[in-house]
Student: 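Before anything else, here's the structure in question.
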2 protein chains.
Amino acid sequence: MIDAATVLLDEQGEGGVTLRALAKATGVSAMAPYRHFPDKAALLGAVAEAGFAKLAAVLTEADRATPAKAALVAQGLAYFRFAQGHPAMFRLMFGGNPGCTVAPKEYGEAFAILTRRVASLAGGDAGPATLAAWGVVHGLSTLALDGKVPAEDDVVTAAMALVADGIARAQPSSL
Amino acid sequence: MIDAATVLLDEQGEGGVTLRALAKATGVSAMAPYRHFPDKAALLGAVAEAGFAKLAAVLTEADRATPAKAALVAQGLAYFRFAQGHPAMFRLMFGGNPGCTVAPKEYGEAFAILTRRVASLAGGDAGPATLAAWGVVHGLSTLALDGKVPAEDDVVTAAMALVADGIARAQPSSL
DNA sequence: GTCCTACTGTGTACAGTGTAAACAAGGAGA
DNA sequence: TCTCCTTGTTTACACTGTACACAGTAGGAC
């Protein structure tokens with residue numbers, strides 16, 4: 001059922017995921033999903049969790065690049081491409097729907113992969129640097145999805161390189 | 001009518017903006033909005049445009065800080081606070097709704113304010129640097145809205161300072 | 001003054017949505 | 001065999017966006 005919802009999400013966008021369409025896709029009556037999920041938000045939450053697992057896998061794969069800085073840039077690019085490849089899923093994962101909460105454990109795994117990589121570059125307190133790195137890829141990914149920024153790999157690569165450079169050097173002066 | 005929709009958006013969130021509720025708020029029949037907007041998406045588009053105008057005003061105000069680097073950080077902080085202060089509006093402005101398109105001219109104005117500031121810092125080709133700066137504040141803003149990152153000013157300030165530092169120095173080595 | 005036209009608003013109706021309630025089939029354990 | 005739990009179905013309801021036909025109201029032409 002989660003798989004069917006994922007397919008529906010990819011093919012028809014967020015608006016296409018209705019309980020009736022989902023029921024039809026799984027060959028079942030319209031009310032059957034309520035036996036497995038308390039409501040639609042819970043179902044979408046489960047779909048989003050599956051999406052985070054997939055994202056974590058993608059990031060892990062990208063993180064194999066060397067040296068460390070290239071691995072960070074590769075992670076950013078993989079994140080960006082995931083978003084462009086699965087726009088509706090990405091939007092669902094990141095707070096499109098109120099009430100559709102994802103357990104921190106789920107997105108925490110993807111976040112941990114990034115944190116480890118940044119820590120290997122920065123040393124010391126990597127918290128702000130990690131958030132900066134996450135922020136820039138996430139921001140460019142969503143802006144590109146909305147057409148406000150060109151959806152080109154170069155954009156992400158350049159921005160990530162800038163941030164990675166900033167991280168690798170000494171901590172910047174405050175302000 | 002756009003004002004009423006904005007109020008509804010701020011108070012009840014995105015889901016609360018229905019044509020019937022909007023009509024009731026303006027003391028008019030449910031179908032009256034269709035005399036002014038072809039459909040709901042167009043109405044929301046107009047609301048989003050008003051939001052971009054407000055955002056541009058906020059950024060202009062923040063950009064007065066000196067020196068230039070502080071102005072950039074202030075812009076980022078203002079952007080972030082705007083998002084936290086008007087979550088539903090912010091989500092609407094940035095691609096929540098398909099078909100609800102905002103003219104590039106509208107968000108371009110806000111973007112131009114940022115571009116000018118980055119150019120004053122970077123000199124030369126400020127394009128990638130501008131996108132990086134926009135990306136990081138936008139990313140942190142949306143992540144904070146979704147509760148995936150703490151909604152604290154310090155986070156944005158630190159990240160913006162890092163990016164601003166990266167911009168102010170020489171262009172980073174590619175990759 | 002009278003008519004025509006455009007604009008704005010109303011009322012009704014319909015399809016699609018999430019979901020609550022009552023009921024049915026089928027297997028597990030006593 | 002009887003009972004209960006899980007899963008699924010059917011029906012029904014409130015709410016949504018919106019298409020359609022109609023009404024009032026202002027301004028200009030004669």
Side-chain angles (χ1 to χ4, degrees), chain A residues 1-51 86-103 146, chain B residues 1-51 86-103 146:
Chain A
M1 177 138 270
I2 292 178
D3 289 348
T6 304
V7 170
L8 222 53
L9 195 63
D10 270 352
E11 289 179 355
Q12 312 227 22
E14 193 159 357
V17 182
T18 78
L19 285 176
R20 283 170 171 81
L22 186 60
K24 181 177 287 187
T26 55
V28 105
S29 86
M31 286 298 291
Y34 283 96
R35 289 294 140 190
H36 305 273
F37 303 94
D39 56 10
K40 189 184 181 185
L43 196 161
L44 292 180
V47 173
E49 289 192 2
H86 311 278
M89 171 65 93
F90 187 79
R91 265 196 255 263
L92 172 66
M93 287 161 59
F94 292 99
N97 300 39
C100 145
T101 57
V102 175
D146 300 342
Chain B
M1 175 140 274
I2 291 178
D3 289 348
T6 304
V7 171
L8 223 52
L9 194 64
D10 270 352
E11 289 180 354
Q12 313 228 21
E14 192 159 358
V17 182
T18 77
L19 286 177
R20 283 170 172 82
L22 186 61
K24 182 177 287 187
T26 54
V28 105
S29 86
M31 285 298 292
Y34 283 96
R35 289 295 140 191
H36 306 272
F37 302 94
D39 57 9
K40 188 184 181 185
L43 196 160
L44 291 180
V47 172
E49 289 191 3
H86 311 277
M89 170 65 94
F90 187 79
R91 266 196 254 266
L92 172 67
M93 287 161 61
F94 291 99
N97 298 40
C100 143
T101 55
V102 175
D146 300 342

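The chains referred to below are lettered A, B, ... by the order of the sequence lines, with proteins before strands, and numbering in each begins at 1.
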Student: Return yes if the base of C:dG16 and the side-chain atoms of A:R20 contain a donor-acceptor N/O pair under 3.5 Å, otherwise no.
Tutor: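 Side chain to base: no pair below 3.5 Å.
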
Student: Rounded off to whole Å, could you give me the CG-to-P distance for the A:L22 and C:dT17 pair?
Tutor: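 In whole Å, C:dT17 P lies 12 Å from A:L22 CG.
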
Student: Could you check whether A:S29 gets within reach of a base, just the sugar-phosphate, or nothing at all, counting any heavy atom under 4.0 Å?
Tutor: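 Result for A:S29 = base.
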
Student: Provide the closest heavy-atom pair for A:R91 versus A:D146 in the form atom of the first, atom of the second, distance.
Tutor: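 Minimum heavy-atom separation between A:R91 and A:D146: NH1-OD1, 2.7 Å.
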
Student: Rounding to a whole Å, what distance do you find between B:Q12:CD and D:dC15:P?
Tutor: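 Answer to the nearest Å: 14 Å.
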
Student: Atom NZ of B:K24 and atom C1' of D:dC15: how far apart are they, to the nearest Å?
Tutor: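 So the two atoms are 12 Å apart, to the nearest Å.
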
Student: A:M1 has an atom CE; how far is it from atom C1' of D:dG8, in whole Å?
Tutor: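 Between C1' of D:dG8 and CE of A:M1: 11 Å.
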
Student: Among the candidates C:dT8, D:dT7, C:dG18, find the nucleotide nearest to the side-chain atoms of A:T18.
Tutor: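 Of C:dT8, D:dT7, C:dG18, C:dG18 is nearest to the side chain of A:T18.
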
Student: Which of these nucleotides, D:dT18, C:dT8, D:dG8, is closest to any side-chain atom of B:L19?
Tutor: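 The closest nucleotide is D:dT18.
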
Student: C:dC14 C1' sits how many Å from B:Y34 OH, rounded?
Tutor: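 Taking atom C1' of C:dC14 as the reference, OH of B:Y34 is at 13 Å.
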
Student: Is there a side-chain contact between B:H36 and the phosphate of C:dC7, meaning an N or O under 4.0 Å from OP1 or OP2?
Tutor: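 Answer is no, no contact under 4.0 Å.
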
Student: Expressed as a whole number of angstroms, how long is the span from A:R35:CZ to C:dG26:C1'?
Tutor: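 Result: 15 Å.
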
Student: Test B:V47 against every option in B:D3, B:V17, B:T6, B:L8 by the side chain to side chain contact (heavy atoms under 4.5 Å, CB included) rule and name the one that passes.
Tutor: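 One option only clears the test, and that one is B:T6.
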
Student: Starting at atom CZ of A:F37, determine the distance to atom C1' of D:dT7, rounded to an integer number of angstrom.
Tutor: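 For the pair A:F37 CZ and D:dT7 C1', the rounded distance is 14 Å.
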
Student: Say you draw a straight line from OG of B:S29 to CZ of B:R20; how long is it, rounded to the nearest 0.5 Å?
Tutor: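 The OG atom of B:S29 sits 10.0 Å away from the CZ atom of B:R20.
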
Student: Return the value, rounded to whole Å, for the distance between atom CE of B:M31 and atom P of D:dG17.
Tutor: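 It works out to 11 Å between those atoms.
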
Student: About how many Å separate CG of B:L44 and CD of B:E49, when rounded to the nearest 0.5 Å?
Tutor: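 The CD atom of B:E49 sits 11.5 Å away from the CG atom of B:L44.
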
